Amino acid sequence: MNRVILKLSGEALSGDKKSGYDDVIIENISKQVKEIISKGIQVGIVIGGGNYWRGRSNNNIDRTKADQIGMLATIMNCIYVSEIFRSVGIMTNILTPFECGSMTKLFSKDRANKYFEKGMVVFFAGGTGHPYFSTDTGIVLRAIELDADTILLAKAIDGIYDSDPKINPNAKKYKEISIQEVVEKKLGVIDMTASVMCMENKMPLIVFGLNEENSIVNALSGKISGTVVTV
């Protein structure tokens, strides 16, 4: 692979603390990404904002405003994680779909490609810049725009199951499944908008558990214990 986009959940960054950051987890992620880029693979990263804000759970706030707060949460996460990456010797840049002072640069395909060519890890923060679209949609949009080879979904759960394994101990994990089946069976790997975009633009995904040892490197080397979503 030449270029991948990695999706990290905000909750995963906080570990057992459930909010804020667990630096041990983030440092482990940064070292794995450093190993990947040392092999000549370009890496883009999208991070959710769930360790700060889950706007849909608050009915007292207008949906548009709640989503805007969520966008800002993803920017804070990208700034923090970007700095941890820099501490291990990785060059980084953060792109947002709207102006954010001097903290980030405005997204464009040309600018992202320029940073990739310089060996930088590029963080895509702020989602799509519009309410009613999740970070799932944001990562698929960026992956398609930037001709990524695949999307890596690092989750708290180690793949895709036919039912919730937390509720059903007999839930079956798929080693491989098509994006069409994901949509038809409503498996909820990513939201429906993002799923349809993957299907229409033939964008594959690799879903795996972030907490497994060396999980990101293993996912790219074919040693995956998660699920491959084909197109």
Side-chain angles (χ1 to χ4, degrees), residues 3-38 41-55 69-98 100-107 111-112 115-116 118-129 134-143 146 148 150-156 190 206-220:
R3 180 179 293 175
V4 298
I5 309 292
L6 170 65
K7 165 73 184 299
L8 302 170
S9 73
E11 295 96 321
L13 301 181
S14 60
D16 294 334
K17 295 190 294 183
K18 306 300 180 185
S19 63
Y21 303 103
D22 184 325
D23 280 1
V24 173
I25 291 174
I26 301 172
E27 286 169 10
N28 178 266
I29 293 169
S30 67
K31 290 172 182 175
Q32 290 191 66
V33 171
K34 188 174 184 179
E35 182 177 340
I36 291 168
I37 61 178
S38 72
I41 299 173
Q42 298 170 343
V43 179
I45 295 180
V46 171
I47 307 177
N51 54 326
Y52 277 120
W53 178 254
R54 299 198 69 83
I69 296 171
M71 292 174 209
L72 295 177
T74 70
I75 294 170
M76 289 191 291
N77 279 342
C78 284
I79 292 172
Y80 191 96
V81 175
S82 171
E83 287 303 301
I84 302 295
F85 274 42
R86 288 178 177 233
S87 74
V88 301
I90 300 173
M91 296 187 296
T92 66
N93 239 307
I94 304 169
L95 300 179
T96 48
F98 45 81
C100 201
S102 60
M103 292 180 286
T104 68
K105 300 285 180 62
L106 190 63
F107 170 81
R111 179 170 280 161
Y115 292 153
F116 279 133
K118 290 182 176 181
M120 294 181 173
V121 170
V122 185
F123 288 82
F124 300 106
T128 65
S134 70
T135 49
D136 287 344
T137 304
I139 189 173
V140 174
L141 177 63
R142 294 293 176 247
L146 296 165
T150 193
I151 293 171
L152 304 178
L153 291 181
K155 289 178 163 284
I190 51 178
I206 302 174
V207 185
F208 58 95
L210 177 63
N211 294 329
E212 294 179 17
E213 185 177 356
N214 228 25
S215 59
I216 303 171
V217 172
N218 287 342
L220 280 177

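Source: prediction; values computed, not measured.
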How about L13 and Y52: do any of their side-chain heavy atoms sit closer than 4.5 Å? no
Nearest 0.5 Å, please: how far is CG in N93 from OG in S82? 7.5 Å
Going by heavy atoms in the side chains, are I79 and F123 under 4.5 Å from each other? no
With the side chain counted from C-beta on, respond yes when T74 and I47 share a heavy-atom pair under 4.5 Å apart, and no when they do not. no
Test item: M103 and C78 side chains (from C-beta on) under 4.5 Å apart, heavy atoms: no
Gap separating the CD1 atom of I36 from the CG atom of L220, nearest 0.5 angstrom: 4.5 Å
Reported CD-to-CZ distance for the pair Q42 and R3, which is rounded to 0.5 angstrom: 4.5 Å
Closest approach of A154 to L8 (non-hydrogen atoms, all atoms of both residues): CB-CD2, 4.0 Å
What pair of heavy atoms forms the shortest contact from G127 to P97, and how long is it? O-CG, 3.5 Å
Any side-chain heavy atom of I45 sitting closer than 4.5 Å to one from V81? no
Please examine the side chains of L210 and I29, heavy atoms only from C-beta on, and report whether any two atoms are closer than 4.5 Å. yes
For the residue pair V4 and I41, establish whether any side-chain heavy-atom pair is separated by less than 4.5 Å. yes
Going from CZ on F98 to CE on M71, what distance comes out if it is rounded to the nearest 0.5 angstrom? 6.5 Å
What residues, two or more places apart in sequence or in another chain, satisfy side-chain hydrogen bond (donor to acceptor under 3.5 Å, both in side chains) together with D136? K7
How long is the straight-line distance from CG of D22 back to CD of E27, given to the nearest 0.5 Å? 9.0 Å
In terms of heavy-atom contacts, N77 and G48 come closest through ND2-O, 2.8 Å
Exercise: identify the closest heavy-atom pair between A219 and I206: O-CD1, 3.8 Å
Hey, what's the ring geometry for F124 with F107, parallel, tilted or perpendicular (30° and 60° as the breaks)? perpendicular
Which value, rounded to the nearest 0.5 Å, describes the distance between I190 atom CD1 and L153 atom CG? 6.5 Å
Testing the basics here: between A112 and L146, what is the closest heavy-atom pair and its distance to 0.1 Å? CB-CD2, 3.8 Å
Of all residues at least two apart in sequence or in a different chain, which pass the side-chain hydrogen bond (donor to acceptor under 3.5 Å, both in side chains) check with R111? none
Might you point out which heavy atoms bring K34 and V88 nearest each other, and give the distance in Å? NZ-O, 2.6 Å
Across all chains, not counting sequence neighbours, the side-chain hydrogen bond (donor to acceptor under 3.5 Å, both in side chains) partners of T104 are T96
Does the side chain of Y80 come within less than 4.5 Å of I26's, by heavy atoms? yes
